[in-house]
> 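There's a structure below that I have some questions on.
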Protein chains: 2
Amino acid sequence: MARTATTADVFNAIAEERRRDILDVLRDGEAGVDQLGRRLHLPQPQVSKHLRVLREVDLVRCRVVGRHRVYRLHAPALRPLHDWVRAYEALWNERLDRLDGLLAELQQEDPR
Amino acid sequence: MARTATTADVFNAIAEERRRDILDVLRDGEAGVDQLGRRLHLPQPQVSKHLRVLREVDLVRCRVVGRHRVYRLHAPALRPLHDWVRAYEALWNERLDRLDGLLAELQQEDPR
DNA sequence: TTGACATATTCCGATATCGGAATATGATCG
DNA sequence: CGATCATATTCCGATATCGGAATATGTCAA
């Protein structure tokens, strides 16, 4: 047993910088494979392969227009990631110290 | 040229589920290597190895206490991740549709 | 139908990654 | 010092991953 598989979930999908680049471009609107390639200076097969990974975790969807494929962002798939980070949001402010102080005060007010 | 290296940035560090597990535990407070191993049912070397990765991206820091090492979360290192996701936050609400409607209204009010 | 174009897939080589076992390091205690 | 405990590192095998090149698929247009 080795290597538990990866690339199959959102966390791994966005771990790759190129894929984040692709998503960033798509944030400004739909785009075809060739357009993405040109903007990111990536050869077409790479783009297609990254898009496949993104498609498999539902981060992008595509629409067929003639012989083109127009990809668009599907942001809701980022939710798990967002929710996970959010749990830590409160923790990186040093303002937590103030919260500690506040809690101490509250305890004094009602020493129970 | 192949495989551009990974595991060296926050995005890759948290791509691994076990490492997220470790961080989740540390969210509740400091912990030693053995404690982490017991709570997560992981053998000690794995824990140490994952902690190393997390340490290298500054997601955890550690303090030496006798022959123990007490690890703690260093949440600010999650910032890049947080910032990245945040740019997408607005995009996954279907409420965007309403925004579109609003914009249309505004355009009618001032049709120039 | 044939050719041109857009995209997807496959094959390849190099390398990173993970888990497991064994071992090394380091510190405390008797 | 020697034993023991806590943690880190190294070595290994299996496999996933990425980039690049070549090729397959699929669609339109003449």
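None of these values were measured; they are calculated from a predicted model. Proteins come first, then strands; the chains are lettered A, B, ... in the order of their sequence lines, and each starts at number 1.
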> Between protein and nucleotides 21-30 of chain C, map the contacts as a letter string: B base, S sugar-phosphate only, - none, heavy atoms under 4.0 Å, written 5' to 3'.
-B-----B--

> Rounded to whole angstroms, how far apart are CZ on B/Arg52 and P on D/dT10?
7 Å

> Before you tell me yes or no, could you show the steps for A/Arg86 and A/Asp83 under salt bridge (charged side-chain N to carboxylate O under 4.0 Å, His left out), namely the whole-Å CA-CA distance, both residues' side-chain angles and the distance that decides it to 0.1 Å?
CA-CA 5 Å; A/Arg86 233 166 85 69; A/Asp83 291 345; 5.0 Å; no

> Whole Å only: how far is the CZ atom of B/Arg63 from the P atom of D/dT7?
13 Å

> I want to check one thing: is the phosphate of D/dA6, taken as OP1 and OP2, less than 4.0 Å away from some side-chain N or O of B/Tyr71?
no

> For a 4.5 angstrom cut-off between non-hydrogen side-chain atoms, does B/His82 reach A/His82?
no

> Rounded off to whole Å, could you give me the CD-to-P distance for the B/Glu17 and C/dT17 pair?
18 Å

> Identify all side-chain donor-acceptor contacts of residues 31-38 of chain A below 3.5 Å with residues at least two apart in sequence or on another chain.
none

> Using whole Å, what does the distance between atom C1' of nucleotide D/dC28 and atom NE2 of A/His68 come to?
10 Å

> Take atom CD in B/Glu17; do more than 12 heavy atoms of anything else shown fall under 6.0 Å from it?
no

> Using a 4.5 Å cut-off on heavy atoms from C-beta on, say whether the side chain of B/Tyr88 contacts that of A/Asp24.
yes

> Would you indicate whether the side-chain heavy atoms of B/Phe11 and B/Val57 approach each other to under 4.5 Å?
no

> Does one side chain, of A/Arg18 or A/His50, offer a donor that lies under 3.5 Å from an acceptor on the other?
no

> Is there a side-chain polar atom (N or O) of A/His50 under 4.0 Å from OP1 or OP2 of D/dG19?
yes

> Using a cut-off of less than 4.0 Å, is there contact between a side-chain N or O of A/Gln46 and OP1 or OP2 of D/dC18?
no

> Check the distance between C/dA16's C1' and A/Asn12's CG and give it to me in whole angstrom.
13 Å

> Output the residues of residues 19-36 of chain B in contact with DNA chain C, where contact means a heavy atom of the residue under 4.0 Å from an atom of the strand; sort by number or write none.
B/Arg19

> Any side-chain heavy atom of B/Tyr71 sitting closer than 4.5 Å to one from B/Ile22?
no

> Nearest whole angstrom, please: distance from the P of C/dT17 to the CZ of B/Arg18.
17 Å

> How long is the line joining CG of B/Leu42 and P of C/dG20, in whole Å?
9 Å

> In whole Å, I'd like the distance from the CG atom of B/Leu40 to the P atom of C/dG19.
12 Å

> Any ion pair linking A/Arg55 and A/Asp58 (charged N to carboxylate O, less than 4.0 Å)?
no

